[in-house]
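Being a predicted model, the structure only gives us computed values, none of them experimental. Lettering of chains follows the sequences in order, A, B, ..., and the numbering in each one begins at 1.
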Amino acid sequence: MAHGFDDDTILGKAYDGRLVRRLAGYVTPYWGRLSIAVILLIGAILTDLLPPLLVQRAIDGPISAGAVDGIWPYFVAFLGTLLANFLFRYSHSYFINSVGQQVMKDLRVAIFRHIQHMSLSFFNRNPVGRLITRITNDVDALNEFLTQGVVMIVADLLTLIGIIVVMFALNWRLALISIATLPALSLIVAIYQRFMRAAYRLVRQRLARINAFLSEQISGILVTQLFNSEDRSRVTFARLSDDYMQANIRSVLIFAIFIPSVNLLAAIGTAALLWGGGNGVLAGWASLGMLAAFIQYLERAFQPIRNLAERYTVLQSAMASAERIFAVLDTEAEVRDPEQPRRLPTPVRGEIELQNVVFGYNPAEPVLRGISLRIPAGQSVAIVGATGAGKSSLVGLLARFYDVQAGSITLDGIDIRELSQAELRRHIAAVPQDPVCFSGTIASNIRLHNAAISDEQVRAAAELVGAHRFIEQLPGGYNHEVRERGANLSIGQRQLLAFARAIAFNPEVLLILDEATSSVDTETEALIQEALARLMRNRTSIIIAHRLSTIRHVDRIIVLHKGRVVEDGSHDELLARRGYYYRLYQLQFAEVN
Amino acid sequence: MSHLRLLVPYLQRYRRRLLLGLLVAALGAAISALGPLVLRIAVDEIAAGTIDLARLFWFGGALIGLALIDGTMKFAQRMLIAVTSYRIENDLRADLFDRLLSLDQAFYQQNYTGDLMARMTNDLSAARQFLGPGLNGAATALLTFISATVLMVFVDWFLALIVVLLLPMATIVFIAIGSRMRQIFHRVQDQFGVLSTRAQENFSGIRTIKAFAQEEDEIAVFTADNERYRDLNLRYVLLSGALWPAMTLCLGLIAALILLVGGRMVAAGELTIGELVQFNAYLALLAFPMIMLGWMVNLYQQATASLQRINEIFLRQPAIASPTVPQQPARQGAVEFRNVGARANTTDHRWILQDVSFHLPAGKTLAIVGATGAGKTTLVNLLGRVRDPDVGQVLIDGVDARELDLAALRRMIGYVPQESFLFSIPLRENIGFGVATIDPDRLNHVIEVSRLVNDLDQFPGGLETMVGERGVTLSGGQKQRVAIARALMRDPQILILDDALSSVDTHTAAQILSGLRAEMAHRTTIIIAQRIATVRDADQIIVLDEGRIVEQGSHQDLLARNGRYAAMYRRELLAAELEREESD
């Protein structure tokens, strides 16, 4: 997967009661299926213990006694055990995974829903890649936790205990010899895990670096090529790739030492059993069948110990993922709907009033420093000012992407914080600064998910903004496929689509245009200007534009400077005042002549 | 299948290590097959009661000794074969990246970034797994199987037959379930892609989603995608959950048969108890390698699919490359287009440019105006050979651009693209991108001209500030100014500005333009712009409409012509006059 490589380092504890209790909340709805899975698992563990015992009984019984046909019952029992074991294991896997998949789906949707309702400031703080990681990798880690973690740890422990109990029941002396190797195995496994975790972490970090570099290189390949920087890229990439290989070779080395060590330990255990068992047979306190059974049990006792160490890593990474997921879920939206939202009086008139509005992305550095304005219903207003004057912030506040720090904004006399955001935004269409496109078709980019907007309305909106001409020329017209982020459309085309979208939603009250016309050529812009003039009629409209020619149709112009309203009036009034607006106008006029 | 051939030169590069690795693997396999033999002799002697403590000790020592030798061999085998597989992966990755660096825009438009990255990581990893654990496991499995079979046949051919014939059953079941699993897994992966793309698009476009109150609809779509993903996963689990239990079942079945047949033979006195234990030990020894063999087949299938995807990149020849006998450019900067035509792409044959001809002497300025989609960017892309024309010729200093040394041609050009792309490297390196040594005076000069100097105090580390996710995020206008500085830093003969001031406010734009005039005086310059004010001083102006030059000449010529350009001019003038009239 091409995203989310950051901060996936696994550190910290493997068990955190607080996190596990919260996770349990997502599992409890499926407790029925989960308990079936556990019962099936116990069945599987018990049937696992039987085969060596059957071998022992067969060898010490009919085989030693020379009873040729006496072996049949053991064979049949063996087969029955095998079949039962298969069924237990298979159905366990199905039940536990069905719980896991269900919980994952619930969690993903819960996180997505929560993120959907976050304020824009949240998205400014969190890069998209990080959020994707929460929904994908972190949720997967929790699935591992459920299916491979908790349940299997219990299973491994039960298996180990079961084997030890059976061994002691069979022969305590041989049992003591057998379990003597287990502490050594635990030690080897623990040391191995320690080295391997560090090695894997290095591998992951270095792979993440390769991925980040590659992604940027592919996106910026044209710049690299046109600026003759291929060699620089080659050298950097070779270094990253080499680092990655070295980290991998390190993990190979650790593994190459580990596996033979475990095998050697198994051989030592077998040799000890042979020596002790041989002694026992000669002395009469053991049988050949026991020797054969113990050799098999020893092998089986190794597996759970090796598993347990791996499960520890699963737990650790699950705890880290849970921590990160809950951190997202615990982030409260800064912009929230009130408990009992008020409704706008119908019909909505569109009168807006700002009283002493103060706002800053960073509270210590206000962008808007006390703005009071009254915009009567139906008035069209242009906001002008230099970059950083606070124009975009003002629009963000009106759409309630952010909340004011002090003061208030009212729509038809109701504070917009007392409305639900959905209600507010049904009456406001905003064309954002970056024209955003989604993968889908041209038509789906105009109507989004709103099925109420008919094909005719989509087309009418496109015609109104002058997008129809280029759309018709595309293969498939309105059904032309738009690629991720509108990569197959020009910026101008994307902007026209964004306009068409705003118009298709037919905002009853307010149209906000946020410097959106800056990349469209004169001719296209002339088309848009016409469309705008039609749209602004009978609507409260607020326009932000770089160029003064785009705002000549408005009733009123507000000049913002360093977060304050410095001029407010009609075009003529402001020119007569010979202030800030006048200078902006002069600059524009000087350019034309 | 044939895609495996891709690996041959790489395998040859490391053939000594690989052959040595196979030799060590063979030795290891032969040694490990001896263990059960020792066990048999010991058990038989215990059963016969002829053994004493010293001999028991000796047998135990032999088992440990064999394990030591076997362990050493396995260690050497991994260090030789597995490490080599990582080296080959590394070599392949470097070669792939080399190819990516030389491929043209047409290629990048046909392939998604994520897909290319998957080829550079996941597909390479699949190829490496086939070479490393795959070959390693296959070698161990086959060699152990052969040596164990020989030793078993010596003991009892009938019992040996049961093991030899039935053990591959585990391999076959593994392959059968494994390949079905892979088919479904692909669909699971595809759905995962749908899921993460959906989230990615949603989060990137959250402003739009919120502005149109689409949150609930988005959640509904995301939930439906998730349910599909869950269902596919459950179908996958139905298969994957069967895999290991089925292996246990197969191996258990053989063990049960050995117990029955072997046990009857022991009871009848045709086989010793030690030999029965020996057979059981072989079964344990062979179980894992035989499963590995099945896994190997899956790895092989995955590797061929992955190698095909990797090979697609290797087989793709760069459409834009230096000719075999390149000419060096005269580095004056004269540009000429002769009847140039360019189609949309190989599948879409519409003309983006048609019959475009003009001559721009070195040092002169050409301005291009025209509607969105008129072909302006395509036109300037032909200069640096971002793409080549389908008909006609682009000549630089009188030589067809396709006959010039590509690197030298591009070194002549300073390009400011419509969308400024910066790298996650310090600001200074972004400005000096592609310049061998950064001259501090030139650096200061271009920062001045691009008006980047206005923003420097906003960056915490000044010019050393990191750009991008790990550093500061630049505004659209700041990015454009860095892009302008970057293009000027090369001191190019040809300067291309593709709507380069669109995100800069009027005041700053005027400042940049006045600074640029001095830079443009001694360079060939091509400006794409939307405003007459920006283009009127150009020596030549071209009006493009649907890929054709509809008007061409100086500002005065075009006004006199009273065509489209004049109309544009009048429209702007009118706008200004309207504002003036209104103010009167």
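For A/Glu230 (side chain) and B/Ser102 (main-chain N/O), no donor-acceptor pair under 3.5 Å exists by modelled atom type. In this structure a side-chain-to-backbone donor-acceptor pair under 3.5 Å is missing from A/Gln116 to B/Ile219. Under a 3.5 Å cut-off, the side chain of A/Arg232 and the backbone N or O of B/Gly434 do not form any donor-acceptor pair. A/Asn228 contributes a side-chain N or O that, together with a main-chain N or O of B/Ala407, makes up a donor-acceptor pair within less than 3.5 Å. Side-chain atoms of B/Lys210 come within 3.5 Å of backbone atoms of A/Met118 as a donor-acceptor pair (strictly under, hydrogens ignored). With B/Tyr229 contributing its side chain and A/Gln101 its backbone, the two residues share no donor-acceptor pair below 3.5 Å.
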* To do: Would you please test B/Asp70 and A/Asn263 for side chain to side chain donor-acceptor pair (under 3.5 Å) and show each step?
  => CA-CA 9 Å; B/Asp70 180 46; A/Asn263 287 344; 4.9 Å; no

* Give the intermediate values and the outcome of side chain to side chain donor-acceptor pair (under 3.5 Å) for residues B/Glu215 and A/His117. => CA-CA 7 Å; B/Glu215 293 99 324; A/His117 293 120; 5.6 Å; no

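In this structure, chain B has heavy atoms under 4.5 Å from both the backbone and the side chain of A/Gln473. Heavy atoms of A/Phe88 lying under 4.5 Å from chain B are absent altogether. Contacts of B/Glu89 with chain A are made by side-chain atoms alone, with heavy-atom separations under 4.5 Å and no backbone atom involved. For a residue to count as touching a neighbouring chain, one of its non-hydrogen atoms must lie under 4.5 Å from one of that chain's; by this rule A/Leu574 does not touch chain B. Of the two parts of A/Ser439, the backbone and the side chain both hold a non-hydrogen atom closer than 4.5 Å to a non-hydrogen atom of chain B. Neither the backbone nor the side chain of A/Ala238 has a heavy atom closer than 4.5 Å to any heavy atom of chain B. Heavy-atom distances place no part of A/Phe470 under 4.5 Å from chain B, backbone and side chain included. Only the backbone of A/Pro62 has a heavy atom closer than 4.5 Å to any heavy atom of chain B. Contact annotation for A/Leu288: only side-chain heavy atoms (C-beta onward) come within less than 4.5 Å of a heavy atom of chain B. If you measure heavy-atom distances from B/Ala483 to chain A, you find no contacts under 4.5 Å at all. Proximity to chain B involves both the backbone and the side chain of A/Ser219, based on heavy atoms less than 4.5 angstrom apart. Heavy-atom distances place the side chain of B/Val221, and not its backbone, under 4.5 Å from chain A. Using a 4.5 Å cut-off between heavy atoms, B/Ala199 touches chain A through backbone and side chain atoms alike. Looking at A/Asp69, both its backbone and its side chain come within 4.5 Å of chain B, counting heavy atoms on both sides. Residue B/Leu195 touches chain A through its side chain alone, counting heavy-atom pairs closer than 4.5 Å. For a residue to count as touching a neighbouring chain, one of its non-hydrogen atoms must lie under 4.5 Å from one of that chain's; by this rule A/Leu274 touches chain B with backbone and side chain alike. For B/Arg264, the parts lying under 4.5 angstrom from a heavy atom of chain A are both the backbone and the side chain. Interface remark: A/Phe401 contributes side-chain atoms only to the contact with chain B (heavy atom separation under 4.5 Å). Only the side chain of A/Ile210 comes within contact range of chain B, with at least one heavy atom under 4.5 Å from a heavy atom of that chain. When heavy atoms are compared at a cutoff of 4.5 Å, B/Gln105 approaches chain A solely by way of its side chain, counted from C-beta outward. Contacts of B/Leu68 with chain A are made by both backbone and side-chain atoms, with heavy-atom separations under 4.5 Å. B/Tyr108 touches chain A through its side chain: at least one heavy atom from C-beta onward sits under 4.5 Å away, while N, CA, C and O do not.
The shortest distance between side-chain heavy atoms of B/Leu253 and A/Phe78 does not fall below 4.5 Å. Proximity of B/Ile413 to A/Leu226: side-chain heavy atoms (C-beta onward) are nowhere separated by under 4.5 Å. At a threshold of 4.5 Å between non-hydrogen side-chain atoms, the residues A/Phe123 and B/Ser204 do not count as touching. Residues B/Leu39 and A/Thr270 are in side-chain contact: their nearest non-hydrogen atoms beyond the backbone lie under 4.5 Å apart. A heavy-atom distance below 4.5 Å is found between the side chains of A/Ile257 and B/Phe75. At a threshold of 4.5 Å between non-hydrogen side-chain atoms, the residues B/Phe212 and A/Arg501 count as touching. At least one side-chain heavy atom of B/Phe423 sits under 4.5 Å from a side-chain heavy atom of A/Val223.
In this structure, A/Leu82 CG and B/Thr248 OG1 are separated by 9.0 Å, a value rounded to the nearest 0.5 Å. Rounding to the nearest 0.5 angstrom, the gap separating the CG atom in B/Leu63 from the CD1 atom in A/Ile268 is 11.0 Å. Distance CZ/B/Arg230 to CG/A/Asn97: 13.5 Å, rounded to 0.5 Å. The distance from the CD1 atom of A/Ile295 to the CG atom of B/Asn280 is 9.5 Å, given to the nearest 0.5 Å. Once rounded to the nearest 0.5 Å, the distance linking CG of A/Leu448 with CD1 of B/Ile209 reads 7.0 Å. The structure places CG of B/Leu276 at 5.5 Å from CD1 of A/Ile59, a figure rounded to the nearest 0.5 Å.
Contact between A/Ser93 and B/Gly241 at its shortest, heavy atoms only, is OG-CA, 3.1 Å. For the residue pair A/Ile218 and B/Met117, the shortest heavy atom distance occurs at CD1-CG, 3.9 Å. Between A/Gln225 and B/Leu101 the shortest heavy-atom distance is NE2-O, 2.8 Å. When all heavy atoms are compared, the tightest approach of A/Leu83 to B/Leu249 is N-CD1, 4.1 Å. Across B/Leu234 and A/Ser98, no two heavy atoms sit closer than the pair CD2-CA, 3.5 Å. In this structure, A/Glu216 and B/Phe421 approach most closely via the heavy-atom pair O-CZ, 3.5 Å.
Annotation: cation-pi geometry satisfied between B/Arg486 and A/Phe227 (NZ/CZ under 6.0 angstrom from ring centroid, within 45° of ring axis).
Taking a cutoff of 4.0 Å between a charged side-chain nitrogen and a carboxylate oxygen, B/Glu216 and A/Arg113 qualify as a salt bridge.
Classified by interplanar angle (parallel below 30°, tilted 30° to 60°, perpendicular above 60°), the ring pair B/Phe222/A/Phe112 is parallel.
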